Amino acid sequence: MSNREMAVTPRFKTHSQVWSAVGMWAWMLHRLTGIGIVLYLLLHATLMGTSLIRGAEAFNATLNTLMTNPVLHLAEIALVGAIIYHGMNGIRLLLFDIGIGFSRQKEIFWVSMAIGAAMWIFVIISKLS
Amino acid sequence: MSSQEIKARIFRYDPEQDVEPRFDVYTIPVIKNMAILDVVFHVQNYIDKSLAFRCSCRIGMCGSCAMYINGKPRLACRTQVSSLGTSEVTIMPLPNLPIIRDLATDMEPFFEKWKKIKPYYVGKPELKDPVVIRPDSDEREFIDQMLDCITCGCCYGACSMVATNEDYLGPAALNRAYTLVADKRDSIRVERLKAVGRSYGVWRCHDQFNCAEVCPKNLVPTKSIQQLKKRCVMQKFGVFK
Ligand code: SF4
Ligand code: SF4
Ligand code: FES
C-alpha cells in the first residue's frame with residue numbers, strides 16, 4: 001500500500017488513558033462536579049422561580065417538601081462536597097494559571113484535598129448536630 | 001533472575017487483513033537488565049516474525065519506540081521489565097494515533113501539528129549572525145529543559161484533550177512553540193503566538209498533567225502551555241511585541 005493510500009484508509013486507533021495519574025482523576029472529578037453543580041443551579045433556579053411566581057403559599061409548600069425529605073438532605077451534603085472539591089481544585093488550577101506550582105502539582109492537589117476534606121467534615125458535623 | 005519468565009500480552013492488528021484487533025500472549029524468559037524493547041525483539045526473533053514495532057537508537061534518544069505499556073505511554077527501550085514490578089506486561093500501540101500494524105503507529109498527525117506551529121527559528125533580517133542572548137541578561141528565558149523533547153509522542157498519547165479533539169495541537173507541538181516564542185531574536189513570534197492562541201491550541205489544555213506524568217525526558221509541557229497562554233493574553237492587550 002502506498003503512503004498516500006495508507007493516509008486515507010480509516011484505521012483503528014486506541015484511546016487508552018493514563019488512569020494511574022493524579023492529574024487525570026483531578027480533571028475527571030473537576031468535570032463531573034462542575035456539571036453536577038450546573039445541573040443543581042438550573043434545578044434550583046427553576047424550582048424557586050416557578051414556585052415564587054405562583055405565590056407565597058406555593059413557595060412555602062415547595063420549600064416544605066424539599067426540607068423534609070431525608071434523601072435531599074443527603075444530597076445536600078454531596079452538593080457541598082462537590083462545591084468544596086470544585087473550589088479547592090479550582091484554586092489549584094488558578095495557581096497554575098498564574099505560573100505557580102508546576103513541579104509540585106500532586107502535592108498541591110493533596111494539600112488542597114486535605115483542606116477541602118476538613119471543611120467538608122466540619123459541614124457534615126455541624127449539619128448533623 | 002535468568003530462570004524467571006514474564007507473560008507478555010501484545011496487541012496485534014493488521015488493518016489489511018484483520019477485522020478486529022486481538023491480543024496474543026507470549027511467555028518470555030527474562031534476562032538481566034531486560035527492557036520492554038528486548039521483550040518485543042524476543043517475540044519477533046524467536047516466536048512470531050510478523051510482529052511489527054518501531055525502534056532505532058535503543059538508548060532513549062530517537063523517540064521512535066513509544067508504546068502504551070501497562071497503562072502508560074513509555075519508551076520501550078527505557079522501560080526495564082523489573083521496573084514494572086509485575087510478571088505480566090500488556091503492550092499496546094501509542095494511543096490517539098492511527099495504527100499501521102501491531103505496535104507501529106502512524107506519527108503523521110503528530111508531525112502535521114508539529115509543522116503547524118512552524119517549529120524552526122526564523123531570524124530577524126536586521127540581526128547579524130551570531131546573535132547571542134547572554135545567560136545573565138533579562139532577555140534570557142528559561143527554556144533549557146523544554147528543548148530536550150525527542151518527539152516520541154508519549155505526551156500526545158497520554159493527553160485526554162488530544163483523545164477527545166482531533167484538532168488539538170497537543171503538548172509536544174505547543175511546548176516546541178513556546179521555546180521559539182520565548183526567543184526574542186525570532187521574527188515570527190507574534191505569528192506563531194496567533195497560531196497557538198486558538199481554541200484548538202493552548203486553550204484546549206485543561207492542566208491535566210498527563211503529558212508531564214509520562215514524558216521520558218521529564219518535561220512539563222503544561223508549564224510551557226501556561227507560558228503561551230500568558231503571552232496570548234499579553235499580546236491581546238498589546239504588551240507582547
Ligand atoms: S514532550 Fe516529552 S513526551 Fe512529549 S514528545 Fe517530547 S519528549 Fe516525548
Ligand atoms: S497538561 Fe494540557 S497538554 Fe498536558 S496532558 Fe494535560 S491537557 Fe494535555
Ligand atoms: S529506540 Fe530510540 S528512543 Fe527507544
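As the structure is a computational prediction, the values presented were derived from the model and not from experiment. So you know, we letter chains A, B, ... as the sequences are listed, proteins then strands, and number each from 1.
Interface remark: A:Ala26 contributes no atoms to any contact with chain B (heavy atom separation under 4.5 Å). Using a 4.5 Å cut-off between heavy atoms, B:Gln208 touches chain A through backbone and side chain atoms alike. Contacts between B:Val162 and chain A at a heavy-atom distance below 4.5 Å are absent for every atom of the residue. For a residue to count as touching a neighbouring chain, one of its non-hydrogen atoms must lie under 4.5 Å from one of that chain's; by this rule B:Asn96 touches chain A with backbone and side chain alike.
Summarising the local packing, CZ of B:Arg54 is surrounded by more than 12 heavy atoms from other residues, nucleotides or ligands at distances under 6.0 Å. A 6.0 Å sphere centred on NZ of B:Lys7 holds no more than 12 heavy atoms belonging to other residues, nucleotides or ligands.
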Chi angles and distances behind the side-chain contact (heavy atoms from CB on, under 4.5 Å) call for B:His206, A:Arg31: CA-CA 10 Å; B:His206 288 259; A:Arg31 278 277 148 122; 2.7 Å; yes
From CA spacing to verdict: side-chain contact (heavy atoms from CB on, under 4.5 Å), B:Thr222, A:Phe96: CA-CA 9 Å; B:Thr222 325; A:Phe96 301 145; 6.0 Å; no
Verdict with supporting geometry, A:Trp27 and B:Phe209, side-chain contact (heavy atoms from CB on, under 4.5 Å): CA-CA 9 Å; A:Trp27 170 74; B:Phe209 284 98; over 6 Å; no
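Distance NZ/B:Lys223 to CD1/A:Ile100: 11.5 Å, rounded to 0.5 Å. With rounding to the nearest 0.5 Å, the separation of CG in B:Asn218 from OG in A:Ser103 is 12.0 Å.
Residues of residues 32-43 of chain A lying within less than 4.5 angstrom of chain B, judged on heavy atoms, are absent. Heavy-atom neighbours of chain B within the stretch residues 49-87 of chain A, taken at a separation under 4.5 angstrom, are nonexistent.
Closest of all the heavy-atom pairs between B:Lys72 and A:Ser20 is CD-OG, 4.0 Å. Here the closest heavy-atom approach between residue B:Asn210 and residue A:Met24 is recorded as ND2-SD, 3.1 Å. Closest heavy-atom contact between B:Ala163 and A:Gln17: CB-NE2, 3.6 Å.
With chain A as partner, the option from B:Lys229, B:Met92, B:Lys230, B:Met161 having the largest number of non-hydrogen pairs under 4.5 angstrom is B:Met161.
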